Structures are given as structure tokens and as C-alpha cells.
Amino acid sequence: MSTQTRASLQVDLAPHNPRELILRNPVIPASGCFGYGQEYSHVIDVQRLGAFCSKGITSQPRAGNPMPRITETPAGMLNAIGLQNPGIDAFIKKYPPIWEHWDVPAIVNFSADTVEEFAEMARKLDDVPGVAALEVNISCPNIHAGGFCFGWDARMSADVSRAVREATTLPVIIKLSPGAVDIAEIAAAVAEQGVDAISLINTLVGMSIDPVTRRSRIANTTGGLSGPAVKPVAVRQVYQVAQAVDIPIIGLGGIFGLNDALEFFMAGATAIEMGTVCFSHPVAPIQLIDDLQTWLDAQGCASIMDIVGVANPQFRAGKDS
Amino acid sequence: MSTQTRASLQVDLAPHNPRELILRNPVIPASGCFGYGQEYSHVIDVQRLGAFCSKGITSQPRAGNPMPRITETPAGMLNAIGLQNPGIDAFIKKYPPIWEHWDVPAIVNFSADTVEEFAEMARKLDDVPGVAALEVNISCPNIHAGGFCFGWDARMSADVSRAVREATTLPVIIKLSPGAVDIAEIAAAVAEQGVDAISLINTLVGMSIDPVTRRSRIANTTGGLSGPAVKPVAVRQVYQVAQAVDIPIIGLGGIFGLNDALEFFMAGATAIEMGTVCFSHPVAPIQLIDDLQTWLDAQGCASIMDIVGVANPQFRAGKDS
Amino acid sequence: MAAVLGKASAPVREWTGEITANRTIMGDSYLVTFTMPEGLAQHIEPGHFVNVLPSGAGSFDPLLRRPYSIYGIDAAANTMTLLIRPYGRGGQWIVDQQPGQSLNVLGILGNHYEVAPRSSHLLMVAGGVGAAPLKMLSEQAVAQGKSVVYLLGARREDQLLDASELPHAVEYIVATEDGSAGHKGFVTELAANYLTWADQIFTCGPTPMMAALRNVILQHRFGKGPQVQISVERTMACGVGACLGCVVETKKGMKASCVDGPVFDMESVVWG
Amino acid sequence: MAAVLGKASAPVREWTGEITANRTIMGDSYLVTFTMPEGLAQHIEPGHFVNVLPSGAGSFDPLLRRPYSIYGIDAAANTMTLLIRPYGRGGQWIVDQQPGQSLNVLGILGNHYEVAPRSSHLLMVAGGVGAAPLKMLSEQAVAQGKSVVYLLGARREDQLLDASELPHAVEYIVATEDGSAGHKGFVTELAANYLTWADQIFTCGPTPMMAALRNVILQHRFGKGPQVQISVERTMACGVGACLGCVVETKKGMKASCVDGPVFDMESVVWG
Ligand SMILES: Cc1cc2nc3c(=O)[nH]c(=O)nc-3n(C[C@H](O)[C@H](O)[C@H](O)COP(=O)(O)OP(=O)(O)OC[C@H]3O[C@@H](n4cnc5c(N)ncnc54)[C@H](O)[C@@H]3O)c2cc1C
Ligand SMILES: Cc1cc2nc3c(=O)[nH]c(=O)nc-3n(C[C@H](O)[C@H](O)[C@H](O)COP(=O)(O)OP(=O)(O)OC[C@H]3O[C@@H](n4cnc5c(N)ncnc54)[C@H](O)[C@@H]3O)c2cc1C
Ligand SMILES: Cc1cc2nc3c(=O)[nH]c(=O)nc-3n(C[C@H](O)[C@H](O)[C@H](O)COP(=O)(O)O)c2cc1C
Ligand SMILES: Cc1cc2nc3c(=O)[nH]c(=O)nc-3n(C[C@H](O)[C@H](O)[C@H](O)COP(=O)(O)O)c2cc1C
Ligand code: FES
Ligand code: FES
């Protein structure tokens with residue numbers, strides 16, 4: 001069965017927020033893999049994207065980790081960039097004024113060391129023209145909890161979510177860490193705080209040792225594992241979270257092409273992000289928009305929403321929208 | 001610098017146990033990937049191995065999960081065999097009597113639903129000729145804890161370890177699950193119970209969806225992720241555990257060849273297991289023994305122990321032996 | 001008459017074969033020929049398969065070997081030929097390799113078809129690349145003076161096996177779904193005509209095809225009827241009975257299709 | 001005189017190039033030539049690099065592109081040549097591709113060497129495959145009537161660039177570690193002789209070689225001395241400044257070597 005009209009790729013990632021996060025398509029380059037949007041603007045037509053996530057920022061400028069920062073692993077890579085960024089104030093002066101004139105919504109990814117700092121950053125970003133939404137990276141250590149990662153604990157994840165929710169009326173996406181034992185529990189605790197959406201997964205903690213130097217291949221010892229290697233973990237976690245929350249999910253982790261993205265949509269994601277693939281195939285996000293359109297049309301779908309969660313019998317995410 | 005004599009590959013995996021687990025080399029095919037040792041005996045010279053781990057057994061016979069049980073993922077695979085096995089009693093009758101006549105030590109891998117069942121199985125295996133050691137798989141759900149995996153919780157992991165330790169004088173290896181938030185905490189809790197060694201990692205929980213059928217590619221929905229894809233996670237966890245315990249560690253997860261194995265030794269493993277690689281390259285374990293010998297000789301090492309933990313500044317595992 | 005077929009018993013080696021020929025066949029498939037170690041040829045029987053690594057040295061992706069039935073061997077040249085339809089990235093990598101390049105092969109794997117000495121009329125029912133093991137079986141049977149009817153089903157004419165691939169003595173009859181050659185419809189519809197003629201039936205193809213064949217046979221069956229041997233297709237990892245990833249439910253419990261099969265007596269299998 | 005060199009500004013495209021030639025050079029390396037899209041050639045300057053995908057369609061391993069300097073272009077044929085020494089599995093895959101097969105390429109990337117209009121004496125100091133960008137630079141400089149001394153260091157004679165690869169006008173002097181050709185020792189030892197002669201120095205090679213060159217220059221330096229441009233080598237992921245995986249610490253902070261480099265003024269870099 002095929003239809004005359006083309007399937008709609010539009011998705012709504014903040015159905016309950018008056019400030020809205022409606023994307024014309026569900027394809028979003030992921031934080032840390034797309035710079036501040038400009039780096040790829042002479043390689044692809046950035047304006048065609050559903051949105052993009054900017055490199056994670058912090059309240060103070062950071063020089064990042066020593067080199068080497070990246071290494072390749074089987075079907076994946078490790079990175080320990082160390083959140084090199086100019087700090088929120090310099091960031092606000094430099095990038096959003098450019099984005100203001102862009103068609104594509106910019107989602108600002110940020111992280112902090114304390115709950116208060118998260119709230120303060122959200123407050124600063126609340127009114128900045130050119131910022132469409134916030135993505136809150138909770139895969140960072142809580143300095144009040146001895147370096148234990150916020151995202152591994154339901155209460156700490158909820159604390160950050162609540163603080164950010166109260167500090168801004170912008171659409172808020174909480175980005176979960178895959179290191180949690182029970183990702184559905186974390187997601188439920190986060191969703192209860194009234195945030196608009198959840199994204200997952202961030203990188204897994206990994207390590208690679210060079211037998212010649214007998215040292216880690218990453219100066220920071222451990223790094224974050226991303227790429228196709230982690231896709232099965234990511235699909236599983238999206239599937240589990242989609243049974244636990246009713247807000248939209250943005251799925252990511254190793255998406256390189258159409259079939260990968262379909263796995264995430266069918267598991268329950270309303271949109272997807274693409275990280276590592278940007279390095280191997282910068283054109284992949286644009287290609288995916290086209291491939292999704294063709295595939296949905298061929299399947300006779302009226303909308304991308306027709307396939308969201310179809311592989312997930314207890315699917316709830318986004319169902320109320 | 002090179003030496004005349006050849007480096008020793010011998011390792012001691014139970015330095016405090018009178019029943020001993022001294023292997024002539026540190027290469028061990030992993031549980032579930034080497035059947036009961038016989039399947040590969042006409043493909044490679046099984047007797048040359050340091051040891052082998054047999055397919056996980058349970059107290060009752062199990063038919064296993066419905067098909068499909070396996071699927072390929074980027075540089076990895078998912079499996080949900082469902083512990084198909086004849087049950088401990090039939091197992092004891094059938095396999096150990098064969099192994100009794102073998103040179104290579106057989107390590108019996110098993111799992112259970114309750115702490116008592118773990119103890120009972122260990123007791124049954126304690127005196128069986130042909131059984132050299134036990135590997136206790138705690139990556140299985142505790143039916144008294146609502147399906148929560150034993151291996152994700154330090155107290156539950158310690159409970160199983162203590163019960164097995166008390167039930168047998170055989171060398172006991174506890175096989176950790178990588179799903180724990182803090183693997184070092186689990187390892188420390190396990191080591192305190194007086195077990196002889198720790199092995200890690202078991203598989204990560206993953207999922208893969210077929211866009212055509214719109215269903216999981218695994219009948220059991222989720223499966224265990226193994227192979228090169230998981231190696232960075234495994235190396236990192238071995239590295240962390242080697243700082244937390246002083247008993248020997250057996251490292252595994254994605255080891256295909258020499259350089260992979262060296263990563264684990266340098267992170268702190270005294271021996272390694274090889275799982276998924278057996279499917280792609282059945283000769284890989286034998287090849288690794290030869291490659292290790294050549295490499296250690298070229299490096300002028302007296303023993304494999306010379307490189308154990310060299311990449312790990314806070315290395316402790318096996319240090320007291 | 002669910003006879004128990006033999007278990008895998010041929011020697012298993014991992015070897016690097018050099019490709020000596022690679023040509024297209026059946027429209028979208030390939031005949032890939034490569035060298036094998038001395039001493040294996042005499043152990044190879046129709047129905048045996050090998051597991052081919054679908055990536056080069058230095059790559060871990062795709063990771064798992066792909067099983068392919070043996071299409072033919074040349075004992076003099078010490079080469080083996082596989083008939084490969086690339087469904088996905090592993091098969092595609094294999095058929096992309098050119099003469100002079102190499103393949104890493106694990107084999108000989110599995111059990112094999114068994115022709116009873118007193119059977120003289122053999123019916124082959126093949127679907128698509130299921131043609132492969134039955135081609136070798138037909139050659140052997142004809143050489144032993146048996147009568148062979150070889151039925152092959154495909155979607156279109158260009159996906160059929162060229163008649164020149166089979167021995168002259170074989171009666172080769174085809175069916176295509178679009179009617180572009182032979183019977184228009186399914187190959188199983190042709191089979192009905194030979195059920196009383198055949199002493200044994202050998203089949204290989206997609207599971208729905210074999211299930212359909214079974215229905216045809218059950219409908220027409222009188223008395224004991226011919227014994228039917230099927231070659232099942234399961235996703236495999238090890239190929240030697242070690243992983244239990246490829247099991248088939250039989251009336252005698254779960255069997256590993258790589259060592260207790262791939263050839264089973266049709267009636268020994270539990271049909272879903 | 002730490003001059004600020006330009007940032008990456010050439011157009012960046014992802015394209016599939018067809019390999020037109022692949023031959024060995026310098027003992028263990030390869031010159032791989034492949035097609036490029038129309039309209040790129042005129043933007044290519046010496047020092048520019050491209051990122052080549054080291055695996056075929058259908059494989060995710062190896063995953064990350066490998067950066068290679070442009071060795072030469074043929075604007076008429078619209079082809080580009082890279083000089084590749086395969087250190088590991090990615091490089092090996094690339095050099096294993098044969099004419100007719102294809103490469104997925106991302107470029108043109110990075111900034112480039114800059115020859116000041118009033119410089120007339122140019123010294124090139126190359127180590128190993130660092131020869132690549134300086135070969136293109138030498139060609140351009142000779143064409144502009146500049147005098148070029150090209151120093152190359154290698155381990156053994158067979159790892160040197162054949163003189164025929166360079167324009168005749170270039171004064172080509174070599175050093176080998178084992179003394180099998182030219183000066184016995186390091187190329188940096190030869191450089192000392194040309195420090196007063198040179199208006200500008202251009203270097204590319206292993207980091208220790210460039211550090212040694214810097215020591216030689218610092219020791220001999222009088223007055224302002226020649227400006228030195230180095231091409232640094234960092235592990236890269238994106239090649240376009242998006243990942244911050246390839247940074248170099250400079251006196252003006254962390255710079256991405258893929259867009260603020262790979263060519264830096266030697267004195268702008270913080271030496272460890
Ligand atoms: C004992 C045995 C013998 C076999 N003999 C042959 C043979 O002689 N010739 C031959 O071409 N194949 C044969 N096969 C099938 C062959 O093993 C698979 O087609 C192959 O493993 C698929 O690998 P791929 O990389 O091409 O596709 P994959 O990347 O593994 O799969 C890609 C997609 O194609 C689908 N797919 C995979 N295999 C098939 C299939 N067989 N039919 C329909 N869809 C499929 C998958 O579900 C997946 O969606 C045999 C299988 C077994 C178990
Ligand atoms: C801007 C730039 C330009 C370059 N131009 C060239 C060029 O023109 N020709 C060329 O051959 N190379 C060049 N390189 C280096 C090239 O990118 C690497 O050699 C390549 O990425 C290694 O890939 P591989 O798959 O061969 O080895 P990998 O599998 O990535 O590495 C295998 C092993 O070799 C070591 N290794 C990797 N690269 C090097 C190296 N360069 N030197 C010594 N050891 C190494 C690694 O540490 C690792 O242990 C350039 C690099 C950069 C950043
Ligand atoms: C180099 C690099 C830098 C990253 N930086 C960030 C970051 O600043 N903030 C963040 O939330 N995630 C960051 N990530 C994680 C990605 O956004 C993404 O969650 C992860 O890589 C998994 O997706 P992928 O497999 O598609 O890359 C980074 C990933 C990479 C590879
Ligand atoms: C098919 C299969 C079956 C397995 N069965 C078991 C098992 O019964 N018991 C167990 O402890 N681990 C089992 N494992 C896990 C492996 O022993 C090993 O921990 C894991 O696969 C990681 O190692 P690898 O990447 O080398 O395969 C199994 C793994 C696979 C792939
Ligand atoms: S493929 Fe492993 S048991 Fe059959
Ligand atoms: S390689 Fe990504 S910033 Fe340079």
C-alpha cells in the first residue's frame with residue numbers, strides 16, 4: 001500500500017511546553033560531534049537538519065584534557081575531550097547570535113559539577129535568542145558525591161532535572177548515562193520532574209591499552225565509548241525507557257544509517273541523534289533524512305510517528321502527545 | 001634485551017587454595033563458547049590450552065530459549081541461548097568422566113536462581129573427579145529479588161560468593177557482570193568472601209531490532225553482547241577491579257589476538273578467557289599461546305607475570321601471591 | 001519412518017583458500033571457487049557446508065562466519081565451489097573478493113544427505129540457492145546410476161540455474177513465480193506429481209518452501225511414502241555444536257543444526 | 001616571528017574516488033592515485049590533507065578515517081595521489097585496494113604551507129612519509145623560480161624517495177640511519193648547514209624529528225633566523241574542527257590541528 005502524499009517527518013519533542021520544540025524532521029547531530037554547527041556548514045546543508053546539539057559547555061572555560069584524547073576501538077571509538085569549551089559567558093556571546101539567523105533549531109548541551117550550577121546555567125540560557133532547547137548532560141561527576149556520576153543515581157538525576165526545570169521555561173531534554181544499573185528507574189525519576197524529553201545514550205566508560213607504550217591510549221586513562229559498537233546497548237536502553245516514561249525519547253548510540261535509525265524509532269524513540277558517524281560520514285544525517293522519507297513513503301506511512309515504538313509492546317513514550 | 005631461556009607462561013589462579021589451580025598457560029576458552037570441550041577437540045589440540053570453561057549448567061535441565069538465539073551486531077554479537085543444558089546430574093555423569101583423562105583442567109561454569117541453589121550445586125561438584133575449578137556466573141536474575149541480577153548488587157554478589165566458598169574446597173572463580181554501576185565495589189565485596197579468583201566481563205545487555213519484521217532479532221527480546229565491540233568496557237573494568245582486589249583476575253571480553261590479550265594482562269589480569277572469537281577463529285586460543293610465548297621471549301620477560309598490571313599504577317590483584 | 005541421520009563427522013580445519021574463480025549465476029548470485037587443503041576432498045558429501053569469514057584480516061566487522069553449502073568440488077584441482085546469494089553485508093563482502101584474493105574458511109561442517117542403497121528414484125526439491133547442495137547430490141546420484149528429478153523454484157527466469165550446471169541424465173523441471181519460465185507458481189506444486197515415483201525426497205530452500213512441501217506430502221501420502229530429508233537454515237555462530245545458537249526442535253529434543261544437521265528427516269522435526 | 005598561518009578554507013566534500021593507480025614506493029609505502037570531483041583541484045595547496053575511509057561499504061571496522069597529506073595532483077586527469085605507509089589495519093586496507101576499486105574520501109582539509117613572496121631560498125626537511133606534502137611544495141616553489149633544498153631522512157636506502165619523484169631543480173640530499181645512502185645519521189644533522197642559507201624552512205615528519213630540528217635551529221639561531229613551518233601529526237576523528245580530538249597546545253591556547261593546522265609556525269607551538 002502506498003499513498004500519494006509524502007509521509008510527514010515532523011516530530012514534537014516538547015508537547016507540553018508552550019515554547020515548543022517541533023522539528024521538521026527527527027534527525028539531530030549529537031553533542032560533541034558537530035562542534036557549534038558551523039564546522040560542518042561548508043560540508044553539508046546544516047539548515048536541512050531537524051535540529052543540532054552543540055558541544056557541551058560548562059560554566060567556566062575549560063582547556064580540556066591532555067592529548068591523546070581519542071582512539072579507535074573495534075567498530076567504535078573512545079574519547080576524553082574533557083569538555084574543552086569557552087565557558088558559558090563567552091559561548092553566549094559568540095554562537096547563539098549566529099544561530100538566531102538560522103532555520104535549524106540549536107539545542108545547547110551543558111553539564112555542571114553541582115545541582116546549583118546546573119540551575120544557574122539553565123537560568124543564563126533561558127532568554128538567549130538563538131537557543132531553542134537545552135540538553136542536560138548528567139554523565140558527569142557530582143563533586144558533592146565523591147565523583148559519583150549524577151546519571152547513575154535516580155535521586156541525583158531527579159535533583160538536577162528539577163533544578164533545571166525550575167530555572168528555565170525552555171524545552172529541557174535530560175541526557176541519560178548508560179552506566180546506570182536500571183535505566184528505566186532513572187528515566188522515570190527524571191520524567192517526574194516535568195522535563196520535556198529524555199535523550200540516551202551517552203558514552204559507555206571504556207579503556208584501551210597500547211601494548212607498546214604499556215599505557216592507556218587516552219591520556220585521561222579512561223574515555224567514552226561511542227559508535228556502532230554500542231548500538232545494541234543503546235537500543236535496549238531506549239526500549240526499556242520507552243516502557244517507563246510517557247515523554248518523548250531521543251535515541252542515539254551508533255546510528256550510521258537508515259536501518260540503525262529504524263531500530264531506535266521502533267524501540268520507542270521519537271527522534272534520533274547521530275554522533276560518531278559525523279566523523280566517518282559527515283553527509284550521513286542529511287542522507288538519513290532523505291532515506292527516512294523514501295522508506296516511510298514506500299511503507300505507506302502517513303508520519304514517522306507511525307513507526308515509533310512498533311517493536312515495543314509496552315511502549316508509552318510520547319503516547320500522550 | 002633477550003634471554004636464552006623461554007618465558008614461563010605458567011599462572012597460579014588460586015594461590016591460597018590447597019587444591020590449586022596452576023595453569024601451564026593463561027589461555028582459557030570462555031563459557032558458552034566452547035561447549036563441553038569436546039566440540040572443538042577435532043578442530044584444535046584442546047590439551048594445549050591452559051584450561052577451558054564449560055557451558056554454564058543449572059540444577060535442572062533446561063531446553064533454553066526459543067529461536068532465534070543469536071544475531072550479529074557491529075564487531076559483536078548478541079546471544080540469548082537461555083542456558084540450554086542437561087542439568088547438573090546428567091552433566092556430572094556425562095562430561096567429567098571424560099575430562100578426568102584429559103591433561104587440560106576443566107572449569108565448570110554454573111548459575112542458579114537462589115543463593116541456596118548456588119551452594120547446593122557447588123556441593124555436588126566439590127568431589128567430582130575431572131572438575132578442576134568452579135566459575136560462578138552471577139549475571140543471572142535472583143528470583144528472590146524480583147529478577148534483579150545478583151551481579152549488580154554488592155551484597156547479593158557477596159552472599160553467593162560466601163555460600164559457594166563454604167560449600168566447596170575447589171578453587172572458586174566468581175564471574176562478574178559488567179552491568180554493575182561500580183564494578184570495583186562488587187569485586188571487593190566478592191573477594192572478601194575468600195574466593196580464589198574473579199573473572200570478568202560477562203556480556204552486556206543489548207538488543208537489535210529487524211526493521212523488516214519490526215521485532216527483536218532475538219526471540220528473548222534482549223541478549224548478551226559480546227565480541228570486540230565490548231573490549232574497551234572489559235579492559236576498563238579489569239583495570240578498575242585490579243585496583244580493588246588482591247586475588248587473581250581472569251580478563252575477557254572481545255579478545256581475538258595477541259594485542260587484545262596484552263591489554264588485559266597489562267590492565268591487571270593474570271589469565272584471559274576467549275569467547276566469541278572461538279566462533280570466528282577456533283584456532284585463536286592456540287595461536288595466542290604461541291604468540292604470547294614469542295612476544296614474551298622477544299621482550300626478554302622471564303614470565304607472563306612480568307607484564308601483569310604494568311599499565312595500572314594502583315595494581316594490586318595477585319600481588320600477594 | 002523418521003530415520004536418524006548421521007552427525008557431523010568430517011574433519012574440521014580453518015584454512016585460507018585462494019580464490020581461483022568468481023562468476024555470476026542465477027541472476028544475482030555467484031559461484032565462488034577457491035583452494036582447499038589436501039586431504040579434505042575425499043570427506044566431502046552432498047549437504048556438507050563450510051563457514052566463510054566475511055571480512056578481511058584487520059577488520060572485526062562483520063564478525064561471524066557465514067555458512068554455505070558446498071556446491072561442488074574439483075578433487076583434482078583441490079578446489080571447492082560455493083553458490084552464494086549475497087543477502088547482506090557479509091555475503092556481499094565474500095562475493096566481492098576476486099581471483100587471487102583469499103577467503104578464510106572453516107570446514108568441513110555438518111552432516112550430509114544420505115541416499116539409501118536401495119533407493120533408485122530420487123526427487124530433489126530446491127528453492128533459490130537451496131539448489132546448491134542438491135546439485136552435488138544429483139551428480140553423485142547420477143554417477144551411481146540413480147534416476148533423478150530435480151525441481152527448482154525461483155522468482156523469475158533469470159534466477160534459475162542454467163541446465164548446463166546439472167548432469168544430462170537429470171530431469172530438470174522449473175517453476176517461476178511470475179511464470180517467465182516453466183510452471184507458473186511454486187516449485188512445491190510440481191512436487192505433487194513425483195510423490196509416488198520417488199523413493200526418497202531431498203529438499204533445500206527457504207523454510208516456508210519446505211513447510212509447503214511437507215503439506216503437499218502429507219496431503220498425498222499413502223502408506224509409508226517416501227522418506228524426506230530437509231536441510232534447515234538457522235543463523236549460526238560456531239558451526240561445531242559449541243554455542244547452541246542454531247538449534248532445531250526435534251521430537252528428540254533440541255538439536256544443533258550444525259552437527260546434528262543441517263540435514264534432518266522431515267518427520268523428526270517439530271513443525272511450528 | 002611566530003606568524004599566524006591561515007585556517008582551513010578549501011571546500012570540503014565527501015566523495016567516492018576510483019583508484020586509477022597503486023604502486024609501491026619507498027620500500028614499504030604506496031602511491032595511491034584516485035579520481036576527485038571537478039572543481040576541487042584549483043583549491044589544493046601543499047600541506048592540505050584528505051581523510052580516507054579505511055573500510056568498505058558494509059563494514060564498521062576500522063571506523064575512523066585516516067588523514068593523509070596530498071602528495072600530488074593531476075589537474076588534467078582530475079586525480080589526486082597520496083603517499084601511504086600502512087602502519088596498521090586502516091592503512092593496510094587502503095593500500096590493498098586495487099585500480100578499479102574505490103575509496104571514500106573527505107577533503108580538502110586543513111590549512112597549508114605558506115611561502116612568503118620575498119622568500120627565495122626554501123629548505124625542506126622531511127622524515128619518512130613526511131616527504132609527501134613537501135614534494136608538492138617543492139614542485140610549486142620550483143615552478144615559481146625559488147631555490148629549493150630538500151632534505152630527507154629514512155632508516156635505510158630503500159626507504160628513500162627516488163630522486164625522479166622530485167623536480168630536477170631541487171637539490172635533494174638524503175640521510176639514512178644505517179648509512180646505506182647519503183649522510184649516516186639523522187636528517188636534522190644535515191639541516192644545520194642550510195640555516196643561514198634558508199629564508200624559510202618547511203618540515204614534516206615524526207614529532208621527535210621536528211623537535212630535534214627545533215633544537216638544531218635554536219642552537220644555531222642568530223638574529224630573527226628563518227621562519228619554520230611544521231606540519232603536525234595528531235590522531236584525528238572529524239578533520240573539520242568539530243570533535244576537538246586533535247588539538248595542539250599553542251601560545252594562543254588549544255588549537256584544532258585539522259583546521260588551525262596541520263601547518264603551524266614552529267614557535268607558535270608549546271613544546272613539551
Ligand atoms: C547450512 C546452511 C547452508 C547454507 N547454504 C547456502 C548456500 O549454499 N548459498 C547461499 O547463498 N546461502 C546459503 N545459506 C544461507 C547463508 O548462510 C545466508 O544467506 C548468509 O549467512 C547471509 O549472510 P549475509 O551477510 O549475506 O546477510 P546478513 O547481513 O547476515 O543478513 C542481511 C539480511 O538478509 C536476511 N537474510 C540473511 N540470510 C537470508 C536467507 N538465507 N534468506 C533470506 N534472507 C536472508 C537477514 O535476515 C537480514 O535481514 C546457508 C545457510 C545455512 C545455515
Ligand atoms: C595531517 C596528517 C597528514 C598525514 N599524512 C600522511 C601521509 O602523507 N602519509 C602517511 O603514510 N601517513 C600520513 N599521516 C599519518 C597517517 O594518518 C597514519 O599513519 C594513519 O592514520 C595510521 O593508520 P593505520 O591504519 O595505518 O594505523 P593504525 O591502525 O591507526 O595504527 C597502528 C599502530 O601504528 C601506530 N602508528 C599510527 N600512525 C603512525 C605514524 N604516523 N607513525 C608511527 N606510528 C604510527 C599507532 O600508534 C598504532 O600503534 C598523516 C597524519 C596527519 C595527521
Ligand atoms: C568526541 C566526542 C565528544 C562528545 N562530547 C559530548 C558532550 O560534550 N556532551 C554530551 O552530552 N555528549 C558528548 N558526546 C557523546 C555523544 O553526544 C553521544 O551521546 C555518544 O557519542 C553516542 O552516540 P554515537 O554512538 O552516535 O556517537 C561526545 C561524543 C564524542 C565521540
Ligand atoms: C553464545 C554464548 C553463550 C554464552 N554462555 C555463557 C554461559 O553459559 N555462562 C557464562 O558465564 N557466560 C556465557 N557467555 C559469556 C562468555 O563466557 C563471555 O563472558 C562473553 O561472551 C564475553 O567474552 P567474549 O567477548 O570473548 O565472547 C556466553 C557467551 C556467548 C557468546
Ligand atoms: S552454530 Fe553453534 S551450535 Fe550450531
Ligand atoms: S579532528 Fe576533530 S577537531 Fe580536529
Side-chain angles (χ1 to χ4, degrees), chain A residues 71 73-78 148-149 152-153 177-182 204-218 221-225 227-240 254 256 258-267 295 299 307 310-313, chain B residues 71 73-78 148-149 152-153 177-182 204-218 221-225 227-240 254 256 258-267 295 299 307 310-313:
Chain A
T71 194
T73 66
M77 66 179 283
L78 290 170
F148 196 83
C149 172
W152 296 344
D153 181 81
S177 163
V181 162
D182 183 349
L204 294 165
V205 185
M207 182 170 174
S208 172
I209 292 172
D210 183 338
V212 177
T213 63
R214 302 181 171 198
R215 290 287 164 267
S216 171
R217 288 194 170 93
I218 297 277
T221 307
T222 62
L225 181 65
V230 308
K231 189 181 66 174
V233 173
V235 171
R236 184 263 299 175
Q237 293 202 342
V238 166
Y239 185 90
Q240 292 175 326
F256 264 53
L258 176 67
N259 282 333
D260 306 318
L262 291 175
E263 289 196 57
F264 283 83
F265 288 118
M266 291 178 178
W295 188 87
Q299 298 279 314
I307 62 159
V310 290
N312 197 338
Chain B
T71 193
T73 66
M77 66 178 284
L78 290 170
F148 196 84
C149 172
W152 297 344
D153 181 81
S177 161
V181 162
D182 184 351
L204 293 165
V205 184
M207 182 170 175
S208 173
I209 293 172
D210 184 338
V212 176
T213 63
R214 304 181 171 198
R215 290 285 166 269
S216 170
R217 288 195 171 92
I218 297 279
T221 307
T222 62
L225 181 65
V230 308
K231 190 182 64 173
V233 173
V235 172
R236 185 261 300 176
Q237 293 202 341
V238 166
Y239 184 91
Q240 292 174 326
F256 264 53
L258 177 65
N259 283 331
D260 307 318
L262 291 176
E263 290 197 56
F264 284 83
F265 289 118
M266 291 180 178
W295 187 87
Q299 298 279 314
I307 61 158
V310 290
N312 197 339

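Just the heavy atoms: all of them, side chains too, but no hydrogens, waters or symmetry mates, feed the values below. As the structure is a computational prediction, the values presented were derived from the model and not from experiment. Residue numbering restarts at 1 for every chain, and letters A, B, ... go by the order of the sequence lines.
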J.: Nearest heavy-atom pair of A/Pro228 and A/Phe256: which atoms, and what distance?
T.: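 For A/Pro228 versus A/Phe256, the nearest heavy atoms are CD-CE1, 3.4 Å.
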
J.: Looking only at non-hydrogen atoms, find the nearest pair between A/Ala311 and A/Tyr239 and report the distance.
T.: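 Looking at all heavy atoms of both residues, the shortest contact is O-CE1, 3.4 Å.
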
J.: Which heavy atom in A/Ser177 sits nearest to a heavy atom in A/Trp152, and how many Å separate them?
T.: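 That closest heavy-atom pairing would be OG-NE1, 3.1 Å.
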
J.: Quick check on A/Ala267 against chain B: is it the side chain, the backbone, both or neither that has a heavy atom closer than 4.5 Å?
T.: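 Both backbone and side chain of A/Ala267 come within 4.5 Å of chain B.
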
J.: Between B/Gly206, B/Pro232, B/Ala229, which shows the greatest number of heavy-atom pairs under 4.5 Å with chain A?
T.: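 Greatest number of close heavy-atom pairs with chain A: B/Pro232.
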
J.: Below 4.5 Å from any heavy atom of chain A, which atoms of B/Phe264 appear? Answer side chain, backbone, both or neither.
T.: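 Neither; nothing under 4.5 Å.
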
J.: Would you check if B/Lys231 and A/Met207 make a side-chain contact, meaning some heavy-atom pair closer than 4.5 Å?
T.: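 Heavy-atom side-chain distance check fails, nothing below 4.5 Å.
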
J.: Counting only non-hydrogen atoms closer than 4.5 Å, does A/Ile307 touch chain B with its backbone (N, CA, C, O), its side chain (CB onward), both, or neither?
T.: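 Just the side chain, heavy atoms under 4.5 Å.
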
J.: Of all of A/Thr73, A/Asn312, A/Val310, which one pairs up most often with chain B through heavy atoms under 4.5 Å apart?
T.: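 Winner by heavy-atom pair count: A/Val310.
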
J.: Evaluate the side-chain proximity of B/Ile209 to B/Arg214: yes if any heavy-atom separation is below 4.5 Å, no if none is.
T.: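 No, side chains not in contact.
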
J.: Does any heavy atom of chain B fall under 4.5 Å from the side chain of A/Thr71, the backbone, both, or neither of them?
T.: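 For A/Thr71, there is no contact with chain B at all, as no heavy atom is under 4.5 Å.
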
J.: As a quick check of understanding, evaluate salt bridge (charged side-chain N to carboxylate O under 4.0 Å, His left out) for A/Arg215 and A/Asp210, giving each step before the final call.
T.: CA-CA 6 Å; A/Arg215 290 287 164 267; A/Asp210 183 338; over 6 Å; no

J.: Which bit of A/Ser208 comes within less than 4.5 Å of chain B, counting heavy atoms only: side chain, backbone, both or neither?
T.: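 Both parts, backbone and side chain.
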
J.: Sort out for me which of B/Val205, B/Asp260, B/Val235, B/Asn259 touches chain A most, counting heavy-atom pairs under 4.5 Å.
T.: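 Option with the top pair count is B/Val205.
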
J.: If you take all heavy atoms of A/Arg217 and A/Pro211, which pair is closest and at what distance?
T.: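 Reported closest heavy-atom pair: NH2-CD, 3.6 Å.
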
J.: Given that the side chain runs from C-beta out, which part of B/Leu262 has a heavy atom under 4.5 Å from chain A: side chain, backbone, both or neither?
T.: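 The answer is the side chain of B/Leu262.
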
J.: Checking A/Phe148 against chain B: side chain, backbone, both or neither under 4.5 Å from a heavy atom?
T.: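 Only the side chain of A/Phe148 comes within 4.5 Å of chain B.
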
